[in-house]
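Contents: one structure, followed by commentary.
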Amino acid sequence: MEGISHFKCVEDHKIGHYEPMAYEEDNQSMHEIVHFAVVTLQDTDEVMVVASDWLSTDQKQCYWPPFKSTEKYVEAVKNNLEPSTGGKPWEKLNVIFHAQYDTYEEAANNQVEQKALKDGLTLYKVVTLQKSNELTVIPATWLNEERTQCYWPPFKSPEKCTEAVKYRLDPPVTIQKPWELLNIQVHTDSATYKQARTKQKSLKEKRERFPFTSPLPPLQISTLHQMHYHAMYNQANEKTLKEHTERFPFTSPLPLVQTSTLPQMYSHGTKRKRLSESSASIITRAQPSVTTVSSIMEKVKRVMERVHVKIQATNQDVITTYIGDAISKMDNICGNKKITIGFFGKSGEGKSSLVNAILGKRNLLPSGSFGAFTAVVTQVEANLNNSDYIAEIELFSKEEWEKELKDFFRVLVDENEDRDEEWEIKVDKITALYGADAYKKTLEELKKDAKYAEIEDMLSVSKKAISNTDVSAFANDVASYIQHSTGHCYWPLVKSVTIKIPDAHKLLEHIVLLDLPGTGYCSKIREDLWKTKLRACSSVWIVSAINRAATDRDPWGIIQHCIQDLGPGGECKNINFVCTRTDHIDPKEYLVSVRLTEDQISSDKNLNTVCILHRNNCAKEIVKRKFENLKIMKSKVTFTTDVFTVSSEAYLDGNPLLEPIETEIPKLQDILKSTNRRVNQELTRDYVNEAKRVLSFIQSIQLHSDKKMVEMKSVVHRALQKNLVKALKMLVRQFDSLYKILDQCLSKGVEKSVELCVGTKNSMIASVTPEDKKGFHKTLQALYKNKGYFWPKNWDAPLDLNLCLAKHMHDNIHDEFNLIFPVDANNKSGMSVQEQIDKFSIIQRDTAYPPSSILYHMENFIKTEEAKVKAFLKREVVHRKKEIYSSIQTTIQNQMTAGYEQAANEKGPGAMMNREKQITETIELLKHDMFKKAKMEVLNKFKDLKDYICKTLESELKRSMEQSLSQTSKTNLMDVSKEIEMLEGLSRQLSD
């Protein structure tokens with residue numbers, strides 16, 4: 001493989017096969033003035049410095065030298081080497097031209113900035129020097145660790161100071177010319193010097209326009225401390241560098257970083273094959289940048305495309321067909337992984353406005369003005385295909401809606417029917433669709449209405465799509481399907497709405513924002529939708545207005561009620577409390593209620609801003625303490641929690657009283673961006689591992705005639721089969737041990753449930769019964785009509801009798817269940833199912849074959865197959881553990897259904913008392929058998945999980961062994977050992 005490229009044939013790129021380049025048109029001036037250009041190589045997305053004369057006249061293509069050595073490449077650039085050196089062919093590459101400079105140093109500096117701009121990194125800060133109140137630009141590396149001070153150079157000349165900033169001179173604190181340490185306020189980040197100067201000018205103008213408002217605030221969001229990462233990287237020892245050189249002889253290991261020589265370091269890279277896609281990625285060494293991850297993905301895809309082409313060109317047999325299919329399916333790896341973030345809270349608390357602000361799309365979702373609020377489960381995700389705003393609306397079927405209408409009018413005409421709270425909800429639906437007086441009509445009269453025919457026609461399809469390139473027009477079109485308000489609306493016909501947003505790649509590529517109906521309206525929650533969606537959330541944001549955040553029952557009622565569905569019954573790791581409307585404040589009233597010091601009041605900040613920020617800090621402390629005091633937070637369910645104080649309006653309006661960072665919307669945006677980066681990294685790692693699996697398989701089945709190798713493969717095959725039997729027996733023993741633990745805990749739960757269930761039920765009913773009991777009989781009727789679950793309108797939490805009866809069983813398995821099925825698999829307990837799967841392996845740790853051996857690649861293939869199966873099983877465990885946990889409640893509901901129906905049918909005088917008597921008798925009658933069945937349902941589902949895991953491991957690994965060890969290709973396939981070595985390097989880079 002010649003040159004830097006592994007797969008391109010250099011003969012296709014020899015000089016003379018394309019149009020003349022710039023140097024050929026003006027050979028006379030080539031050596032008179034040397035210019036340097038900064039370009040991006042389109043096929044690798046690398047930012048590089050090249051000699052300007054290497055560019056084509058339209059600056060869209062560039063010669064590329066064939067040198068393997070980075071030093072030779074840099075020397076070629078600096079010396080403007082003519083692209084015909086030594087008769088070796090130079091490639092012609094497609095490039096994006098950025099800028100041209102007179103000196104190499106200027107070009108190298110711009111290279112650093114272009115890379116930082118592309119990767120979203122920070123090289124410069126705009127700060128205020130507190131002593132002089134001067135607004136200025138400094139390099140990010142001049143900040144101290146606390147970001148409250150910066151080093152300042154001792155130069156008297158303004159030109160020298162500017163040059164030191166522009167080229168990010170490292171601050172050497174010398175005896176002769178010590179650098180001063182100044183107190184500062186940090187305002188904003190920039191990737192380039194020009195960008196920073198523009199922001200400096202804008203902030204200066206704002207300060208001049210608003211001289212009496214608060215001074216520019218310090219930047220709150222933590223950015224990358226380059227010096228810290230430089231220090232981390234410099235700890236790499238010589239042995240690591242030596243090993244790298246031996247494994248990758250054609251690449252240059254990254255040098256120890258000296259920040260003063262950063263521009264030169266950026267140019268020390270040769271195209272394609274390097275430890276990192278660019279030396280610039282050292283700045284973000286703690287986590288690969290988005291660009292680095294995407295470039296790794298693109299590089300591996302190109303490798304697999306070339307392999308696929310070569311495999312298709314060989315004689316087709318069972319093996320080559322299998323390889324081709326495996327490569328074709330690899331793109332599916334990147335397709336479907338989504339992280340769900342649920343927004344929960346009382347109606348009118350600003351959930352929809354919060355989503356709008358985070359996405360920077362005013363009025364995308366209708367907010368709570370004029371009494372309207374979101375009434376439909378709405379999920380928001382990115383449109384990655386085009387620039388349209390798209391709404392996919394799922395409707396009830398015509399049959400479902402007709403049944404609901406018939407039930408409503410049956411109750412309406414029957415005076416003996418009790419009109420419970422659920423009936424009131426149906427009235428809301430009917431009047432929303434057919435008009436305010438619709439409930440006064442008969443069904444036959446309603447059918448004659450033109451509106452009835454319109455709705456019937458609408459329900460002839462199960463889904464409706466709305467699309468528009470204009471966000472305002474789109475929002476107007478969608479509002480009638482998701483907004484609960486008076487007037488023309490269709491929300492009663494809608495099951496759910498999925499809204500897809502263009503230009504939201506950075507925020508929502510792998511994220512779904514789930515905006516559930518407020519707890520003030522229950523029409524959608526009554527159908528299990530609440531719990532189903534809740535259990536799918538990886539993170540939950542509880543939303544409440546700041547003035548009620550600590551005292552309002554609603555948000556805390558939601559947390560307490562949903563905590564089991566989030567933790568043991570779900571997959572939630574984070575609970576964030578978001579206090580909204582922080583800028584809604586009356587300073588005079590606030591100052592009366594709190595005592596601020598004179599220093600706080602007389603600060604340079606505007607009084608409104610002082611009050612807003614003071615209340616924000618107080619609210620955070622109160623909410624954090626309330627989190628800490630929740631009993632569930634002290635159990636073995638570990639959630640990470642945080643509190644945010646946000647103002648959606650101030651962020652969207654650019655309120656001069658609050659800087660964007662003070663609205664804390666950027667903090668929430670950073671959470672989404674970070675989550676996206678993490679998922680992208682995980683998907684890229686999965687893709688690289690799958691590529692290694694396929695290539696290891698190719699390398700392991702090469703045609704060979706060595707009889708000893710055939711015998712050795714047979715020996716290895718038998719050994720692996722024995723290892724599989726042994727590992728499966730070990731896994732079964734571990735599962736049996738976990739089964740016994742669950743059995744013991746459940747038995748105690750059954751005992752407690754039988755003893756206390758009636759009293760627990762009575763306590764729950766008593767705790768929610770109004771003192772005057774007015775209308776409560778309707779609530780209980782709705783509860784029993786809906787099989788023990790009902791969320792009354794304007795209640796902070798639902799009534800759930802099934803959950804109440806399951807309480808003692810849940811309590812007795814709670815701790816052990818969370819150790820066996822932790823929400824976060826990184827929390828090692830020694831007894832989790834995920835850990836048992838991780839420990840499983842049929843590869844003996846003491847086996848070691850040389851990399852040139854076919855057996856080495858066979859073992860690698862088995863390892864990657866093993867990892868793939870285990871990853872799949874761990875995802876299946878998360879899904880099945882939700883079913884296992886919820887089976888207690890589901891079994892109780894199924895057992896109680898007949899009793900619920902009888903209680904709901906009680907009518908007339910004394911109906912409420914008779915209903916309670918019926919439910920109590922049903923519980924007494926069923927309790928011994930019901931709770932034992934719930935226990936056995938959990939144990940049977942756990943046993944099913946064990947059987948599924950063991951059978952899947954056995955069948956998949958047997959198949960893999962047969963493929964790799966028993967089959968040999970009938971023809972010599974391509975040698976992919978170099979490609980495997982390259983993928984191993986990329987895999988390590990992703991793991992750093």
Side-chain angles (χ1 to χ4, degrees), residues 338 340-341 343 347-348 350-395 432-433 451 454-455 457-459 461-518 543 580-581 646-655 660 663 665-666 668-669 672-673 676:
K338 294 284 186 181
T340 301
I341 298 177
F343 286 64
S347 302
K351 291 180 294 162
S352 299
S353 299
L354 178 63
V355 174
N356 292 343
I358 290 171
L359 298 177
K361 309 286 185 182
R362 184 187 300 278
N363 298 327
L364 174 65
L365 299 179
S367 55
S369 56
F370 305 106
F373 53 84
T374 311
V376 174
V377 174
T378 307
Q379 61 184 45
V380 180
E381 55 190 64
N383 176 8
L384 302 175
N385 299 319
N386 54 46
S387 59
D388 290 348
Y389 292 88
I390 298 171
E392 296 173 352
I393 302 168
E394 184 183 5
L395 302 168
L433 285 169
K451 191 75 175 175
E454 177 194 339
I455 289 172
D457 182 61
M458 181 187 297
L459 297 178
V461 295
S462 60
K463 288 189 178 180
K464 179 179 177 63
I466 295 174
S467 178
N468 204 310
T469 55
D470 179 73
V471 64
S472 297
F474 172 79
N476 287 334
D477 292 341
V478 173
S480 59
Y481 293 93
I482 65 176
Q483 198 171 22
H484 175 238
S485 60
T486 57
H488 192 68
C489 53
Y490 299 106
W491 61 263
L493 307 174
V494 178
K495 288 183 178 179
S496 66
V497 176
T498 299
I499 294 177
K500 298 185 177 181
I501 310 299
D503 305 319
H505 183 273
K506 288 185 178 179
L507 291 173
L508 298 180
E509 181 183 7
H510 298 293
I511 293 175
V512 173
L513 301 181
L514 182 68
D515 186 21
L516 278 175
V543 182
T580 58
R581 299 174 179 167
V646 306
S647 172
S648 303
E649 289 180 17
Y651 179 78
L652 290 170
D653 295 341
N655 189 327
T663 69
I665 294 295
L668 299 179
Q669 291 170 334
L672 302 186
K673 291 175 184 177
N676 262 328

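Quick note: residue numbers are just sequence positions, from 1.
Residues Ile482 and Ile393 form no side-chain contact, since every pair of their non-hydrogen atoms from C-beta on lies 4.5 Å or further apart. The shortest distance between side-chain heavy atoms of Phe474 and Thr469 does not fall below 4.5 Å. Two residues are said to be in side-chain contact when any heavy atoms from C-beta on lie closer than 4.5 Å; Leu507 and Lys673 meet this criterion. In this structure, Phe343 and Leu354 have side chains that are in contact, with non-hydrogen atoms separated by less than 4.5 Å. Side-chain contact between Leu365 and Val380 is present, with heavy atoms from C-beta onward closer than 4.5 Å. Using a 4.5 Å heavy-atom cutoff, the side chains of Tyr490 and Lys464 are not in contact. Between Tyr481 and Ile466 there is a side-chain heavy-atom pair separated by less than 4.5 Å.
Residues meeting the side-chain contact (heavy atoms from CB on, under 4.5 Å) test with Ser467, sequence neighbours left out: Asp388, Ile390. With sequence neighbours excluded, no residue forms a side-chain contact (heavy atoms from CB on, under 4.5 Å) with Ala475. Residues meeting the side chain to side chain donor-acceptor pair (under 3.5 Å) test with Asp477, sequence neighbours left out: none. Scanning for side chain to side chain donor-acceptor pair (under 3.5 Å) contacts around Glu509 gives His505, Asn680, with sequence neighbours left out. Here Lys361 pairs with Tyr389 under the side chain to side chain donor-acceptor pair (under 3.5 Å) rule; sequence neighbours left out. With sequence neighbours excluded, the residues satisfying salt bridge (charged side-chain N to carboxylate O under 4.0 Å, His left out) with Glu392 are Lys500. Checked against side-chain contact (heavy atoms from CB on, under 4.5 Å), Ala479 has the following partners two or more places apart in sequence or in another chain: Gln483. Judged as a side chain to side chain donor-acceptor pair (under 3.5 Å), and not counting sequence neighbours, Asp470 has no contacts.
Distance CZ/Arg581 to OG/Ser647: 10.0 Å, rounded to 0.5 Å. Atoms CD and CG, from Gln379 and Leu514 in turn, are 6.0 Å apart once rounded to the nearest 0.5 Å. Taken to the nearest 0.5 Å, the CG atom of Asp503 stands 7.5 Å off from the OG atom of Ser387.
When every heavy atom of Tyr651 is checked against every heavy atom of Ala357, the shortest pair comes out as CE2-O, 3.4 Å. Listed here is the closest heavy atom pair of Ala504 and Ala382: O-CB, 4.0 Å. Annotation for Pro666 and Thr663: closest pair CD-OG1, 3.8 Å, computed over non-hydrogen atoms. Scanning both residues, Cys489 and Leu433, for their nearest heavy atoms gives O-CD2, 3.6 Å.
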From CA spacing to verdict: side chain to side chain contact (heavy atoms under 4.5 Å, CB included), Ile511, Lys338: CA-CA 5 Å; Ile511 293 175; Lys338 294 284 186 181; over 6 Å; no
Chi angles and distances behind the side chain to side chain contact (heavy atoms under 4.5 Å, CB included) call for Leu508, Leu359: CA-CA 9 Å; Leu508 298 180; Leu359 298 177; 3.6 Å; yes
Derivation of the side chain to side chain contact (heavy atoms under 4.5 Å, CB included) call for Leu395 and Lys463: CA-CA 6 Å; Leu395 302 168; Lys463 288 189 178 180; over 6 Å; no
Trace of the side chain to side chain contact (heavy atoms under 4.5 Å, CB included) decision for Leu513 with Ile341: CA-CA 5 Å; Leu513 301 181; Ile341 298 177; 4.1 Å; yes
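Looking only at distances, a side-chain donor or acceptor of Arg362 sits under 3.5 Å from a matching main-chain atom of Leu652. With hydrogens and angles ignored, the 3.5 Å screen pairs a side-chain donor or acceptor of Gln669 with a backbone N or O of Ile358.
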